[in-house]
Chemist: 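Quick one: the structure is below, and I'll ask about it shortly.
In what follows, every chain begins at residue 1, and chains take the letters A, B, ... in the order their sequences are listed.
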Number of protein chains: 2
Amino acid sequence: MDRRAKEKDDDTSAKERPTLKTLAFMTGLGVTTVSRALKDAPEIGAETRRRVQLVAKQIGYRPNRAGVRLRTGKTNVISLVLNTEHELMSFVSDIIYGVTEVIADTPYHLIVTPYSRSQDPLDPVRYLVETGSADGVIISRTQPNDPRARYMLERGIPFATHGRTDMGLVHPYHDFDNYAFAGEAVRHLAGMGRRRLALVTPPVGLTYYDHTVNGFADALSEVGASEVPFNTVSIDHTIEQIRMRTAQLMRREDRPDGIVSSAAAATLAVVAGIEDAGLKLGRDVDLVSKQSSELLHLFRRELFVVNESFRLAGSELARAVLGWIGGMDPGSLQSLSTPGGVLPYRG
Amino acid sequence: MDRRAKEKDDDTSAKERPTLKTLAFMTGLGVTTVSRALKDAPEIGAETRRRVQLVAKQIGYRPNRAGVRLRTGKTNVISLVLNTEHELMSFVSDIIYGVTEVIADTPYHLIVTPYSRSQDPLDPVRYLVETGSADGVIISRTQPNDPRARYMLERGIPFATHGRTDMGLVHPYHDFDNYAFAGEAVRHLAGMGRRRLALVTPPVGLTYYDHTVNGFADALSEVGASEVPFNTVSIDHTIEQIRMRTAQLMRREDRPDGIVSSAAAATLAVVAGIEDAGLKLGRDVDLVSKQSSELLHLFRRELFVVNESFRLAGSELARAVLGWIGGMDPGSLQSLSTPGGVLPYRG
DNA sequence: TCAATATACTGAAACGTTACAGATTGCCAA
DNA sequence: TTGGCAATCTGTAACGTTTCAGTATATTGA
């Protein structure tokens, strides 16, 4: 439509974005040669290579993504698959920042692929794979037997999971050691003389639910404390639900004197529930919570916190996917982040 | 490499992803006809059109993005440009969810393009435009005279800004009415008898800083209250800085008895600072804060809040960009969200 | 000297799509 | 009967890239 020149070789009109053809014309070489020179192919003369790369840099040549993608199938895209309802708030931004940090000096773009509660979590993954929309995928809310991981493994598409699976299949992951977290939390509370502990769990069904629950249980028997069951909520529940049920729990005769919470937002609600029941944090009950931002300290100074960095998770996950795409052994791309310890106010 | 058939037309081997050629083969039509039939071109017979579309649906045909993009230049991508350091935390996830909500049933993908403190904010935008990586762009942290908006307007690439500009140029935007927010907050505090008010401002230089400050000032003179200057912080400062400087402020003789805060995270720090100074919220000072999640209520029941939905902002921004891409008048794609009113605890 | 071989480069084809410029058919007016 | 003209359909080229199968030139071994 808006092309001016009718000559086959209109590269002299300098306004359009430079392509290989432009470079070929400028250097007097063939398109093939230019292409290979740019990617350091061995059969290109050293001087030619330098010359081409110099010119390319000078005129700001950038390979056309669509061209590459069409020809090679390589999208230079990695996709972060997110649940638009359940994912904790700040979680998402941090993980995204972590990912972008890593892919910043690569040709990769990050696309966010959402799915909602009503959908099968496999849907977005299937979409990505079937349409070949990404070279690598990052998923969260990982389950012990995760159909998404299984699916991608079958299709041979590189991915990394936030959280581990337990299927006897090997794939890259990053996980926070929630077993250790729950254990440390329990030991900390026990060290303060707390004996009857309750746990605000991760969402049932996710792998780190198991880890957390196990860490909690093992440490309980280790320190000889007992569990006050609190199975009616998880951190996936709404603020109001958590608050109400905590209040109910705390009004009971056999209420806990120590609580471990798996997420900051839930902790806010739990504390509100405690206070609704007329009890006081630090006196009637102590609470150790995981948090991902440094804000919980400000909320109640009596809170104890363990920090989990989602930014780190994002970086690690991105590194893992890129590594797999780059041909590394998936088994070597697994990482576990250890809790730094329980911090009191003004740690 | 892994292609089996050597015949030119290997579409009979059903395993590969279907293309127009596959459809052409199956229907016995030409590729061109199929292409046009799928997009309801007028010169295709009604029955043929239906037939092609039926077959396409049956075998799950999906146009190859790279093919379309290479041929037409249309990327079917919209980019959200984010500052990886300053953007408030939950802000980002909500805005992303809002955007994905709108583009869910379109062919669009969302890519997140980050930039860091050290970079010129124009960099990522320039990159997107120069490489033609997106059909539309969403930016935030909008300034009255915003070089990014000017740049994209010049280049003719559709975009929407979160927040307004003030350059006499018309473009789509979505904004929260921060003038109204600050005004309502002031009136609310004045209604409670507060007379010496301080403002925790948005980042200096952004448009909504001006709006907020103006709304604050106008309402102050309207109700006859006075301002206690608090220019040493904005919501871009760290939690620690805000906390310390609030404590300093509150220890002064002429401390404010009412505070308006532009963001939830800052509010947490401000409250901590107030309490560091030995004062009590609700007694010595009242505070009205904007928040985007419903969590501030839980923090201190004495807080007053005004809700701003970033999810809504995301949706509106996406709608605006898509509208502009679709040929709508940019001037008609501007929206302003009105604060719902000041809510006390248990509103 | 000749062939064999290494070195440095090149054109053509293909990835999947759309736009352009036809091509084929049937029907109608003259 | 013929020319004209809709109504449908089609082949070719092009977008920018990489791969395949070369070609041309210089270098080597005998």
Side-chain angles (χ1 to χ4, degrees), chain A residues 1-11 16-52 56 59 61-76 107 130-133, chain B residues 1-3 5-11 16-25 27-52 56 59 61-76 107 130-133:
Chain A
M1 277 284 181
D2 51 342
R3 291 275 147 73
R4 227 75 37 86
K6 337 144 189 276
E7 287 304 315
K8 196 173 184 186
D9 220 60
D10 58 324
D11 288 322
E16 305 285 325
R17 187 150 90 96
T19 71
L20 286 184
K21 215 163 85 185
T22 320
L23 282 178
F25 178 77
M26 294 181 71
T27 55
L29 296 164
V31 195
T32 306
T33 311
V34 174
S35 173
R36 319 196 85 159
L38 286 177
K39 43 175 56 74
D40 287 318
E43 68 269 49
I44 301 296
E47 193 202 312
T48 307
R49 197 202 327 280
R50 281 206 323 276
R51 197 159 60 91
V52 170
I59 66 174
Y61 167 77
R62 308 265 206 161
N64 178 304
R65 313 192 114 232
V68 177
R69 181 164 171 177
L70 182 57
R71 176 65 235 243
T72 65
K74 182 145 215 286
T75 62
N76 283 310
E130 282 177 0
T131 61
S133 289
Chain B
M1 279 279 182
D2 52 343
R3 291 275 148 76
K6 338 142 189 277
E7 288 303 315
K8 197 174 183 186
D9 220 58
D10 58 325
D11 289 322
E16 306 285 326
R17 186 149 91 98
T19 71
L20 286 184
K21 214 163 85 185
T22 321
L23 282 179
F25 179 76
T27 55
L29 296 166
V31 199
T32 305
T33 311
V34 173
S35 173
R36 321 199 83 163
L38 286 176
K39 44 175 53 76
D40 289 318
E43 68 271 47
I44 301 297
E47 194 203 310
T48 307
R49 198 203 328 278
R50 282 206 323 276
R51 198 160 59 91
V52 170
I59 66 175
Y61 167 76
R62 309 265 206 162
N64 178 303
R65 313 192 116 234
V68 176
R69 181 163 169 176
L70 181 56
R71 178 64 237 244
T72 65
K74 181 144 217 281
T75 62
N76 283 309
E130 280 175 2
T131 62
S133 289

Chemist: Would you say A/Thr32 reaches C/dG11's phosphate, i.e. side-chain N/O to OP1/OP2 under 4.0 Å?
Modeler: no
Chemist: Between the base of C/dA8 and the side chain of A/Thr33, is there a donor and acceptor pair under 3.5 angstrom?
Modeler: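 Answer no: no donor N or O sits under 3.5 Å from an acceptor.
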Chemist: Report yes if a side-chain nitrogen or oxygen of A/Thr72 is closer than 4.0 Å to either non-bridging phosphate oxygen (OP1 or OP2) of D/dT18; otherwise report no.
Modeler: no
Chemist: Of all the choices, C/dG16, D/dT10, C/dT10, which nucleotide is nearest to the side chain of B/Arg71 once you look at every atom?
Modeler: C/dG16
Chemist: Can you measure B/Arg65 atom CZ to C/dG16 atom P for me and round it to whole angstrom units?
Modeler: 16 Å
Chemist: Is there a side-chain contact between B/Thr75 and A/Arg65, using heavy atoms and a 4.5 Å cut-off?
Modeler: no
Chemist: For B/Asn76 and C/dG16, give me the distance from atom CG to atom P, rounded to whole Å.
Modeler: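 To the nearest whole Å, that distance equals 18 Å.
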Chemist: Distance check: side-chain N/O of A/Thr19 vs OP1/OP2 of D/dC15, anything under 4.0 Å?
Modeler: no
Chemist: In terms of heavy-atom contacts, does CD of B/Glu43 have more than 12 from other residues, nucleotides or ligands at under 6.0 Å?
Modeler: yes
Chemist: Once you apply a heavy-atom cut-off of 4.0 Å, does B/Gly30 come out as touching a base, just sugar-phosphate, or nothing?
Modeler: sugar-phosphate
Chemist: Starting from the 5' end of DNA chain D, give me the residue, A/Arg36 or B/Arg49, whose nearest nucleotide shows up first.
Modeler: B/Arg49
Chemist: Please determine, for the side chain of A/Lys39, which listed nucleotide (C/dT10, D/dT18, C/dT18) has the closest atom?
Modeler: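 For A/Lys39, the side-chain atoms sit closest to D/dT18.
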Chemist: Please give, in whole Å, the distance from D/dT18 C1' to A/Glu43 CD?
Modeler: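 Result: 12 Å.
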Chemist: Provide, to the nearest angstrom, the distance between the CD atom belonging to B/Glu47 and the P atom belonging to D/dA7.
Modeler: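 The distance from CD of B/Glu47 to P of D/dA7 comes to 18 Å, rounded to the nearest Å.
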Chemist: In whole angstroms, how far is the P atom of C/dT7 from the CG atom of A/Leu29?
Modeler: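 The answer, rounded to whole Å, is 19 Å.
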